[in-house]
Amino acid sequence: MNKATLAQKLAEMLQVPRKTAEDFVEQFQNIVTNALMADEEVTIAGFGTFSARIRAGRKGVNPRNPKEVIDVPSVKVPKFKAGKALKDALKGNGKIKESPVVTKAPVQTPEEPPKIAEV
């Protein structure tokens with residue numbers, strides 16, 4: 001599933017315009033990215049935790065010249081740790097919690113008063 005498909009499914013389930021669902025997905029992505037850049041964690045209970053870790057620097061090999069040793073610097077990388085409910089669902093042990101489908105009440109138009117015949 002890609003970003004567009006996710007937004008489409010959200011739009012259908014929440015009965016909102018597709019553009020609104022795309023904005024939801026985009027803003028979620030921005031919130032998580034900004035939190036990780038600020039060294040914060042984002043935890044969604046039952047789903048998992050997004051965090052940032054520092055991968056230590058190391059010695060590497062230049063792929064163009066395998067005899068040359070190069071220094072690979074340390075770098076900040078994203079990490080996701082799945083929550084218990086997600087793990088159980090993938091193992092088949094848990095129940096998938098169905099999201100309630102949001103339904104909008106039909107718009108009621110006021111009834112027109114009966115017309116009085118002119119005499």
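Values below: every heavy atom of this structure, side chains too, minus hydrogens, waters and symmetry copies. Given the structure is predicted, the values throughout are model-derived calculations rather than measurements.
Checked by atom type, the side-chain pair T5/N2 shows a donor-acceptor distance below 3.5 Å.
Separating the CG atom in D88 from the NZ atom in K84 is a distance of 3.5 Å, to the nearest 0.5 Å. Between the CG atom in N34 and the CD atom in Q29 there is a gap of 10.5 Å [rounded to 0.5 Å]. For the atom pair NZ of K81 and OG1 of T43, the computed distance is 10.0 Å after rounding to the nearest 0.5 Å.
Shown here for A11 and R18, the closest heavy-atom pair between the two residues is CB-CA, 3.8 Å. The nearest pair of heavy atoms linking D39 to K76 is OD1-NZ, 2.7 Å. Taking each heavy atom of A21 and L10 in turn, the nearest pair found is CB-CB, 4.0 Å. For the pair P78 and L36, the tightest heavy-atom approach, listed with the atom from each and the gap, is CB-CD1, 4.4 Å. Contact detail for I54 and S74: the closest heavy-atom pair is CG2-CB, 4.1 Å. When every heavy atom of A35 is checked against every heavy atom of V42, the shortest pair comes out as CB-CG2, 3.6 Å.
By the rule that hydrophobic residues join a cluster once side-chain heavy atoms approach within less than 4.5 Å of another member, L6 and V16 end up as members of one cluster. The hydrophobic clustering, which links ILVMFWY residues whose side-chain heavy atoms are closer than 4.5 Å, places I44 and L90 together. By the criterion of side-chain heavy atoms lying less than 4.5 angstrom apart, applied directly or through intervening Ile, Leu, Val, Met, Phe, Trp or Tyr residues, F50 is not grouped with V25; the two fall into different hydrophobic clusters.
No side-chain heavy atom of V72 sits under 4.5 Å from any side-chain heavy atom of K59.
Using cut-offs of 30° and 60° on the angle between ring planes, the pair F80 and F47 is tilted.
Ion pairing between K3 and E22 fails under the 4.0 Å rule for side-chain N and carboxylate O.
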